[in-house]
*Asks:* 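Mind having a look at this structure? Questions to follow.
For the single chain, residues carry numbers from 1 onward in sequence order.
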Amino acid sequence: MYKTVFNKRESFKFKHFSRKGYALFACLGREVLVGTLSVATLTYAKADGVSVRTDLDGAGTADSVRTVMLGEVDVTASRAPLAGGRVPRIVTVLGRDEIAAAPAQSVNDLLKYAVGVDVRQRGPIGAQTDISIRGGTSEHIAILLNGINICDPQTGHNAFDLPVDISEIERIEVIEGPAGRVFGTSSLLGAVNVVTRKADGSGGEVHASGGSFGYADAGARFSLVSGKWHNQVSGGYTRSDGYSRSKAGHLNADYEGGRAFYQGGYEGRNLSVDWHAGMSVKGWGSNTFYSTLSDEQYEHTNKYYTALKAETAVGKFHLRPSVYWNRYLDRYEFYRGDPGRSPFNYHRTDVMGLNLDSWFDWALGRTAFGAEFRNEDIVSTTLGEPLDEPKPIHGTDRSYGLGLNRTNLGLYLEHNVVWRGLTVSAGFTAVRNTWSEMPFKLYPGIDASYALTGSLKAYASFNMSLRMPSFTELYYSVDGHKADKHLKPEEMTAVEVGLRYARNGVVATLSVYRHWGRNMIDWLMDSRPAEEQTGKQADGTLGGQEANALVNSSTRSSSLYNVWTSVNHARINSTGVEANASVDFRRLLPGQGVLRSLGVSYAYIDQNQRREPGVLSLYALEYLRHKVVARLGLDLLPCLALDVSYRYQYREGSYTDTGGVNRNYRPYSLVDARLAWNKSRYSFYVEANNLFDADYVDYGNVPQPGLWVMAGVRFGFEL
């Protein structure tokens, strides 16, 4: 994962610029002509820089190239921008090389190869996936698109309904551990920042693919660059019949969705402005995703994203304001197409945010300060408090009768010191939320790194963060669920130490962390008979110390028996170890041309929480104790590349199957592969997921597909 990417083979034309005084623009990391996007590879830079071969005479011969060292690209791990080599925190970056080579069809699939990330799929090709970090849940991470928070306060289940195709992505940054000081209240256990590619020339790309289970995908991307202005637009459509049927023989794992994305920008000497707008529309058969009472559930979502960012300098001060508005529409059908049996649930969420980041350099380092305002509003048929005036639901004869509005205000201060081999970033965020009527509360943090030698760097950090409950956790009380609208915010404290070694194409990292979580939220069910439940009183409620140990909820009058109930756990503590090692054979063994790269990663987590016998957890008490990821890249021929990925996962926790039997999750191994013929203007590829047709589940009662084979083509052109 942590490898410096080097060029190879054919020629390309390259241009870069620096619009800031502290960093150069991203550099190219693989062969491509400007405007040819099919195998273009933008990537991130490491502390050592990136070695790039430039076309000096246009001939593209071996004699015409030389190696140049370019500046580093900033990664998002602190409030003030710091180059990748100076960030005092280990950040996993999936660059263009890895994205282009991965046998993946969505961002969800790409994140499987980040060892600290748990990707729990309820369906393939990004249909519905819960993504968490370091033993948390899908609610515990902040999702950002080009640095803009796009988290859905209704639920974290659909957080990765992104409007961009993976071919649009320049890099994916994964920040593990509490990051409230950097990303606000959504980042209890980390953040994922998806950075899209900026147009560096006028041109375009078209791609199409097809495969098993009626899978089909097609898309196009066009860009136009004129002077200081750049614009690009893309769109795509994906569908599949799915890999399973309901008991009645109907489709129940099918998928259909479209996406559209526009981004533009202006790059001046002292001012840069970027904007984007996008939409994602999709519907999918939800099988038994949320309940075993129906195997014909269905869900449909529409999501709209808009944002405007600017960056300028006024004297010594750098200002980076941004404004965004996102809308999320969700329709959930417990019985697909049959509202008479169970009325459909409708939700509409609007999120508006204003951020002002600023920083300045002085004799003692770089100081950043600013504020963020975020308003979250929902109208729904099932979530929230009764509205004074119901609002009609477009396209139906029903109305939204419930709703809720809350506002989060955050202030932050951070100072960064870079002195010789030492980097320190320390500060705090002060948070206030109108929903909980909480006063401003401080959450501090400090990250530090020190270069022990030219190849070895040590890291240490202490951070605190919080998360507000989602609207679903507060109000969803239907279909066997009972929510608690008085839930407390979750809080997390963490310490971490680590080492990173990088030399001659060999990169290795080791991290050890400890998390202390308070008021952790989960949906629990006590599956034991009522007379066997610990602490059960004559009136059927939980009582005494047993109840206090099991939940920390203000509504103790309701039992957990056979009902999924949202509660605050008293505490959940976690200890984890992560190790990564990668080899770039093009640097280590430059005389050979077959071996390209090899990476092996391992993650271990142990959670310590009180768990009563027979009490089932829907999310928080189920985590990956062991995860192993290995990736091998081979260049079989000058234009023929083979990439093979392996994953092993051992999950703690259990589930009740459709027959009422409690079962533990079984460990499983998966192998994915991709064979691609890459030329400067086009590429052909064949890829297979679950190559050996393994039988596995990420969630109980939702079997995953077996062998899935796809083939496709990409073609790029210049304008």
*Asks:* Answer yes when Lys627 and Asp118 have at least one side-chain N-carboxylate O distance shorter than 4.0 Å, and no when they do not.
*Replies:* no
*Asks:* Name all residues meeting the ring pair (Phe, Tyr, Trp, His ring centres under 6.0 Å) criterion together with Tyr646; count only those two or more places apart in sequence or in a different chain, and write none if there are none.
*Replies:* none
*Asks:* I'd like to check Thr509 versus Leu499 (side-chain heavy atoms, cut-off strictly below 4.5 Å). Are they in contact?
*Replies:* no
*Asks:* How would you list, by chain and number, every residue that makes a ring pair (Phe, Tyr, Trp, His ring centres under 6.0 Å) with Tyr305, sequence neighbours excluded?
*Replies:* none
*Asks:* Listed by chain and number, what are the side-chain hydrogen bond (donor to acceptor under 3.5 Å, both in side chains) partners of Ser470, not counting sequence neighbours?
*Replies:* Glu473
*Asks:* Under the side-chain hydrogen bond (donor to acceptor under 3.5 Å, both in side chains) test, which residues partner Ser132, sequence neighbours left out?
*Replies:* none
*Asks:* Quick one: side-chain hydrogen bond (donor to acceptor under 3.5 Å, both in side chains) partners of Arg625, sequence neighbours excluded?
*Replies:* Tyr604, Asp606, Tyr623, Glu652
*Asks:* Dump the intermediate steps for ring pair (Phe, Tyr, Trp, His ring centres under 6.0 Å) on Tyr682 and Phe684, then the final yes or no.
*Replies:* CA-CA 7 Å; Tyr682 63 88; Phe684 299 94; 5.7 Å; yes
*Asks:* In chain order, what residues pass the salt bridge (Lys or Arg N to Asp or Glu O under 4.0 Å) check against Asp241, with sequence neighbours excluded?
*Replies:* Arg239
*Asks:* Would you please name every residue forming a ring pair (Phe, Tyr, Trp, His ring centres under 6.0 Å) with Phe213, sequence neighbours left out?
*Replies:* Trp708
*Asks:* Only counting residues at least two apart or in another chain, list the ones meeting salt bridge (Lys or Arg N to Asp or Glu O under 4.0 Å) with Glu491.
*Replies:* Lys441, Arg518
*Asks:* Could you work out, with side-chain hydrogen bond (donor to acceptor under 3.5 Å, both in side chains) as the rule, every residue matching Ser244, not counting sequence neighbours?
*Replies:* Asn252, Asn287
*Asks:* Hey, does the side chain of Asn608 reach the backbone of Asn573 with a donor-acceptor pair shorter than 3.5 angstrom?
*Replies:* no
*Asks:* Below 4.0 angstrom, N of the basic side chain to O of the carboxylate: do Glu98 and Arg96 qualify?
*Replies:* no
*Asks:* Mind checking what makes ring pair (Phe, Tyr, Trp, His ring centres under 6.0 Å) contact with Phe585, not counting sequence neighbours?
*Replies:* none
*Asks:* Give the minimum heavy-atom separation between Gly633 and Asp643, together with the two atoms involved.
*Replies:* CA-OD2, 3.6 Å
*Asks:* With salt bridge (Lys or Arg N to Asp or Glu O under 4.0 Å) as the rule and sequence neighbours excluded, what pairs involving residues 689-712 come up?
*Replies:* Arg666-Asp695
*Asks:* Counting only heavy atoms not in Tyr450, do more than 12 sit closer than 6.0 Å to its OH atom?
*Replies:* no
*Asks:* Who pairs with Val119 by side-chain contact (heavy atoms from CB on, under 4.5 Å), at least two apart in sequence or on another chain?
*Replies:* Leu111, Lys112, Val117, Gln121, Thr129, Ile131
